[in-house]
Structures are given as structure tokens and as C-alpha cells.
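Throughout, protein chains are lettered first and strands after them, A, B, ... in sequence-line order, and every chain is numbered starting at 1.
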Protein chains: 2
Amino acid sequence: MKLPAQGKVSARFDAECAATREILSRVGDKWSVLTVVLLGLETHRFNELKRALGGISQRMLTATLRGLERDGMVKRTVFPTNPPQVAYSLTPLGRSLLKPVAVLATWAQGHRAQVMTSRKTYDAR
Amino acid sequence: MKLPAQGKVSARFDAECAATREILSRVGDKWSVLTVVLLGLETHRFNELKRALGGISQRMLTATLRGLERDGMVKRTVFPTNPPQVAYSLTPLGRSLLKPVAVLATWAQGHRAQVMTSRKTYDAR
DNA sequence: CTGCATCCGATGCGATACTG
DNA sequence: CAGTATCGCATCGGATGCAG
């Protein structure tokens with residue numbers, strides 16, 4: 001493929017990249033994917049997630065869930081009991097993300113060692 | 001699935017997540033994936049990439065390429081000509097990442113509209 | 001229990017200027 | 001051409017304290 005001498009590759013290519021990059025940054029943050037995977041296993045309440053995620057702060061769990069809810073990946077259900085209960089579950093959209101993520105996860109686990117070795121080699125100079 | 005009352009889900013699960021999260025943050029930054037895709041099409045020189053990426057700063061292109069090189073995804077070849085020429089290409093490891101990324105890209109393009117709609121709805125309150 | 005508000009350090013990223 | 005150095009702003013993300 002020959003790249004144009006000036007400017008971006010193409011408007012079409014750019015549009016695809018914009019979409020992809022948007023998803024990647026949603027999914028590339030520290031907790032979103034892990035949260036989605038946990039909710040893919042089962043519906044969970046706020047503090048259940050907090051414990052399961054092992055190390056997330058309340059602040060970030062709230063932010064992560066809000067972000068996923070905003071993007072239509074997660075459904076938030078409030079039970080007006082006392083004390084209040086809130087259940088988080090995946091929407092169909094959220095569930096549909098599970099497979100692409102699994103593909104990447106498989107790649108990650110299969111090539112983790114190779115990446116680590118490469119880093120060690122690179123850093124040893 | 002029943003989560004343990006305390007602590008993380010399991011050591012096994014955690015290890016998988018660590019690997020996956022590592023890849024996701026490598027791939028979740030603003031330019032890495034786009035760079036890999038471009039290099040997947042063809043070997044490129046520094047300023048070729050800069051133009052093709054349309055908007056990246058020198059600083060970030062350097063950092064991105066260094067990061068990918070460190071992880072063994074990209075190979076950097078210097079030709080000691082005058083002026084100097086540097087060619088960047090994908091390693092086999094880098095090429096192997098192309099497919100998982102394509103899966104995610106396909107998902108992104110297929111669900112972009114749905115995510116946008118959800119955001120609009122969510123924000124309208 | 002489920003949050004929100006605040007503070008603060010660490011990091012991401014662009015702009016600009018300079019170098020072999 | 002292919003970088004490096006420095007700046008400054010924005011965002012990420014943890015810690016802590018307060019509230020319905």
C-alpha cells in the first residue's frame with residue numbers, strides 16, 4: 001500500500017480508526033474489562049464487585065460502572081430497600097463485547113512471556 | 001458463580017487478568033494500535049508514519065515506537081546514510097497481534113452507533 | 001450499603017524549541 | 001531526517017471524609 005505524501009491515509013480509514021480507538025480507550029482503562037468479565041459471569045452488587053476486583057477504590061468502581069452504563073454495556077437496577085441494594089448486570093451489548101475481549105485475552109496469555117522476555121532484553125542496555 | 005466473601009476471585013483468575021490488562025493498556029493508548037496497523041500494511045519510515053497518523057506529535061510517535069519496540073512488536077532498522085534513514089516494521093509478534101485487534105475493530109465498527117445512541121440517551125438527563 | 005466531594009500525586013499527551 | 005529536552009495542561013486514579 002502506498003501512503004499519500006501528505007495528510008492522513010483516507011477518510012474511510014480514519015472513521016474506522018476513530019470507532020476502534022474509542023472502544024479501545026473504553027476497554028483499555030484499568031478496570032472496565034475486568035468489571036465486564038465479572039458481570040458476564042453473574043449479576044453483582046456494588047460491594048461484591050469491589051471485593052472481587054481486589055484493590056479498586058470506591059471512586060473508580062463508581063466511575064467505571066457509570067461509564068459502562070453510559071455506553072449501554074451495563075444495566076443498573078436499584079431496589080428501594082433499607083439499606084439500599086443496587087444490582088449491576090450486563091446488557092446484551094455488554095455481553096456481545098465478551099467474545100472480542102476473550103480473543104484479546106487469549107492472545108495476551110499466549111504471548112505474555114514473549115513480551116516479558118523482549119522487555120528484559122530491551123531494558124538490559 | 002459464587003464469589004468468595006472476601007478477597008479476589010482466585011489466583012489463577014488474577015494472573016490471567018494481569019496479563020490481559022497489561023496488553024490492554026499497551027493497546028489502549030492513543031496511538032499504538034493505529035501504528036501497528038499501519039506497519040502491518042507496510043514498513044515505514046519515521047516521518048511517513050507521522051504523516052499517515054495525522055496529528056500525532058513527534059514526542060508521542062517516538063514514545064509509541066519505543067514502547068512497541070521494547071515489547072518486541074516493532075523492529076527498528078537504521079541505515080547510516082546521510083541524512084539518516086530509519087525503517088520501522090512489524091516483528092512476527094507484532095503481526096500476530098493484528099488478528100485479535102481486527103476482531104475488536106470489527107466489534108467497534110459494528111456497535112459504534114449503538115454506543116453513541118446509549119450515550120446520548122444517558123446524557124439527556 | 002451505596003455512593004458523592006475533595007485533595008493530590010502520577011501519568012498521558014501536545015506544543016515548541018533545539019541537535020547530529 | 002530522526003530524533004531529544006522542556007514545558008504545561010488534562011486526565012487517571014488512590015485516599016479520605018461525609019451523606020442518604
Examine V103(A) and L97(A) and state if one hydrophobic cluster contains both, with Ile, Leu, Val, Met, Phe, Trp and Tyr joined whenever side-chain heavy atoms are less than 4.5 Å apart.
-> no
List the steps, then state whether side chain to side chain contact (heavy atoms under 4.5 Å, CB included) holds for S32(A) with L68(A).
-> CA-CA 7 Å; S32(A) 289; L68(A) 291 171; 4.3 Å; yes
Run the salt-bridge test on R119(B) and E22(A) with the 4.0 Å N-O cut-off and return the result as yes or no.
-> yes
Would you tell me if any nitrogen or oxygen in the side chain of [X] comes within less than 4.0 Å of OP1 or OP2 on [N]?
| X | N | value |
| --- | --- | --- |
| K50(A) | dT2(C) | no |
| R76(B) | dG3(D) | yes |
| R45(B) | dA2(D) | yes |

Interatomic distance, E69(B) atom CD to Y88(B) atom OH [nearest 0.5 angstrom] | 7.0 Å
Given that P83(B) and R66(A) both sit by DNA chain C, which one's nearest nucleotide is further toward the 5' end?
-> R66(A)
Measure the distance from CE on M60(B) to P on dA10(D) and round it to the nearest whole Å.
-> 17 Å
Whole-Å distance separating the CG atom of L61(B) from the C1' atom of dG14(C) | 13 Å
Listed nucleotide nearest any side-chain atom of S57(A), set dG3(C), dC13(C), dG14(D) = dG14(D)
Picking from dT6(C), dT2(C), dC4(C), the nucleotide nearest the side-chain atoms of R59(A) would be dT6(C)
Taking five pairs at each end of the helix from dC1(C)-dG20(D) to dG20(C)-dC1(D), what angle separates the two helix axes (nearest 10°)?
-> 40°
Looking for any heavy atom pair under 4.0 Å, which part of the strands does F79(B) touch: base, sugar-phosphate only, or nothing?
-> nothing
